[in-house]
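Here the structure comes first, spelled out in structure tokens, and everything after it is commentary.
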2 protein chains.
Amino acid sequence: MNVRMDAPIIRRSLHDELVERLQRLIIEGELTPGEKVPEKELCERFNVSRTPMREALKVLANAGLVTLTPNRGASVTAVTVDDLQEVFPVMGALEALSGELACEKITGQELAQVRALHEEMVGHYKAQRLPEYFKTNEAIHLAILNAARNDTLAAQHQMLSARVRRARYLANMTRERWDKAVAEHEDILAALEARDGPKLGKILEKHLKNKLETVSEWLKANG
Amino acid sequence: MNVRMDAPIIRRSLHDELVERLQRLIIEGELTPGEKVPEKELCERFNVSRTPMREALKVLANAGLVTLTPNRGASVTAVTVDDLQEVFPVMGALEALSGELACEKITGQELAQVRALHEEMVGHYKAQRLPEYFKTNEAIHLAILNAARNDTLAAQHQMLSARVRRARYLANMTRERWDKAVAEHEDILAALEARDGPKLGKILEKHLKNKLETVSEWLKANG
DNA sequence: ATACTTAATTTTGCATTCAAAATTATGTCA
DNA sequence: TGACATAATTTTGAATGCAAAATTAAGTAT
């Protein structure tokens with residue numbers, strides 16, 4: 001991908017780092033669905049032995065990003081409509097909860113941060129910079145999640161988010177969808193500023209539902 | 001524990017089997033929260049080398065059941081009172097979703113099964129048989145979860161459930177709490193039979209909130 | 001004794017090795 | 001040539017080996 005991604009790994013436990021890097025490779029599509037994961041190549045690329053690499057693959061398998069077939073190694077799990085229809089509702093419930101909790105607990109500073117991210121995102125939208133839009137969008141949802149101050153919730157969310165993010169990278173949005181998504185984000189910000197937890201929860205849940213529709217449509221047409 | 005649990009492992013990949021067995025050790029309380037996981041002993045016990053054992057621990061760590069401290073190995077994730085305040089809301093959200101989905105998808109047969117379990121549970125309640133009551137109670141929630149037909153949801157729920165299980169069943173209920181819990185279960189059954197998803201969702205969420213209160217009170221007094 | 005070093009032991013993280021399974025290559029015969 | 005059998009190679013799953021870190025034990029000085 002680039003120099004930073006391939007840089008030799010130094011800090012903390014290797015498998016942990018590998019989980020993160022592999023996740024990125026999968027989410028961002030360098031490893032494509034159905035493809036066999038080239039264990040050996042990746043080991044060489046990241047300059048690690050097979051042990052931590054395999055540990056990481058087990059974790060990713062548990063998270064549903066990779067499928068392990070006995071005696072036949074790992075392959076990137078295909079994104080199917082069925083799979084998404086499972087994950088999105090669960091994510092919706094988690095995001096709704098994160099919104100509710102965030103409204104109770106968010107600090108003024110954090111709120112300002114979200115507002116800033118929102119403005120930034122709208123800027124990307126107006127300039128039609130999709131990758132930057134995605135990134136900022138993600139940052140907003142993450143900021144809300146963190147504001148909820150619930151590590152358990154964050155952990156659960158993190159586990160599932162990879163599958164969702166992957167789907168999002170896959171599918172491009174139509175213009176109308178994008179307009180709608182931004183409009184929803186205006187509502188999200190408003191509810192957060194009004195600290196209306198139930199409302200924010202509902203909006204976020206709906207937001208996810210719409211996202212599922214977008215992606216499903218795309219998959220039906222292309223995938 | 002017993003012969004079956006300690007029997008040498010044969011079929012499928014070791015780490016997969018180990019994930020399951022370790023999970024059971026944790027759920028059944030043989031490995032208690034906060035306790036350091038004796039990697040070496042467990043390897044000897046299950047007659048496997050450290051490699052698959054460590055792979056399994058990584059997976060469990062990712063799921064939050066154990067905590068990995070760098071260079072210091074694994075310990076069963078401790079559940080403090082504060083943690084319960086974290087976990088229960090998440091469980092509540094997941095249960096609410098399971099209720100909503102179950103209302104859409106439950107079959108007549110499954111519904112009859114739930115009804116039967118409910119009657120059985122009420123019997124235990126009337127006879128004040130607490131352990132049996134708990135067991136049947138759990139079976140009901142599990143039946144609803146399965147009726148939701150969402151493996152992702154079930155997996156997430158199971159992880160959290162494993163973590164709080166001890167706390168849940170450790171705490172004794174006061175008479176009033178118990179009365180209330182049974183009353184709520186009547187509502188649960190009614191909503192399910194009426195296939196009123198949103199209502200069932202709300203009841204289940206409330207039900208979890210009350211359970212958290214029960215447990216918190218008990219912990220404050222006793223634990 | 002008690003606190004503080006420092007040495008012995010254990011535990012941990014990762015690399016390497018080894019056997020079994022799967023895949024690919026090679027050879028045989030119709 | 002092409003279908004099949006068999007041998008060579010690669011890949012996979014798991015055990016073992018090894019260095020670094022952490023824990024425990026044993027001294028030492030106050």
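Because the structure is a prediction, the values reported are computed rather than measured. Below, chains carry the letters A, B, ... as their sequence lines are ordered, and counting in each starts from 1.
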> Residues two or more places apart in sequence or in another chain: which of them pass side-chain contact (heavy atoms from CB on, under 4.5 Å) with A/T69?
Replying inline: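 Partners of A/T69 under the side-chain contact (heavy atoms from CB on, under 4.5 Å) test: A/R72.
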
> So which pairs with a foot in residues 51-85 of chain B pass ring pair (Phe, Tyr, Trp, His ring centres under 6.0 Å), sequence neighbours left out?
Replying inline: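 As it turns out, there is no ring pair (Phe, Tyr, Trp, His ring centres under 6.0 Å) pair with a partner in residues 51-85 of chain B once direct neighbours are skipped.
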
Could you list the residues that satisfy salt bridge (charged side-chain N to carboxylate O under 4.0 Å, His left out) with [X], not counting sequence neighbours?
X: A/R166; result: none
X: A/R195; result: none
X: B/R163; result: none
X: B/E55; result: A/R54, A/K58

>> Can you list, in residue-number order, the parts of residues 59-66 of chain B that come under 4.0 Å of DNA chain D, counting heavy atoms only?
In response: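 Residues of residues 59-66 of chain B that come under 4.0 Å of DNA chain D do not exist, since none gets that close.
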
Are there any protein N/O atoms within less than 3.5 Å of an N/O atom in nucleotides 13-16 of chain C, and if so, which ones and at what distance?
residue	atom	partner	partner atom	Å
C/dG13	OP1	B/N71	N	3.4
C/dG13	OP2	B/R54	NH2	2.2
C/dG13	O5'	B/R54	NH2	3.1
C/dG13	N7	B/R50	NH2	3.0
C/dG13	O6	B/R50	NH1	3.3
C/dC14	OP1	A/L14	N	2.7
C/dA15	OP2	A/S49	N	2.7
C/dA15	OP2	A/S49	OG	2.4
C/dA15	O5'	A/S49	OG	3.3
C/dA15	N7	A/T51	OG1	2.8
C/dT16	O4	A/T51	OG1	3.2

> Reading DNA chain D 5' to 3', which nucleotide is the first, and which the last, to come under 4.0 Å of any heavy atom in chain B?
Replying inline: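 Going 5' to 3' along DNA chain D, contacts run D/dA14 to D/dT23.
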
Under 3.5 Å, sequence neighbours excluded: what are the donor-acceptor pairs made by side chains of residues 88-103 of chain A?
residue	atom	partner	partner atom	Å
A/E95	OE1	A/H141	ND1	3.0
A/E95	OE2	A/H157	NE2	2.9
A/S98	OG	A/E95	O	2.9

> Would you find a donor on one side and an acceptor on the other, under 3.5 Å apart, between the side chain of B/N137 and the backbone of B/Y133?
Replying inline: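 No, because the side chain of B/N137 does not come within donor-acceptor range (under 3.5 Å) of the backbone of B/Y133.
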
> Which residue pairs satisfy the salt bridge (Lys or Arg N to Asp or Glu O under 4.0 Å) criterion with at least one member in residues 135-149 of chain B, sequence neighbours excluded?
Replying inline: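 Only B/E110-B/R149, B/E138-B/R165 qualify under salt bridge (Lys or Arg N to Asp or Glu O under 4.0 Å).
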
> Pairs in or reaching into residues 211-223 of chain A: which pass salt bridge (Lys or Arg N to Asp or Glu O under 4.0 Å), with residues at least two apart or in two chains?
Replying inline: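 Checked against salt bridge (Lys or Arg N to Asp or Glu O under 4.0 Å) - neighbours excluded - the pairs reaching residues 211-223 of chain A are A/R177-A/E213, A/R177-A/E217.
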
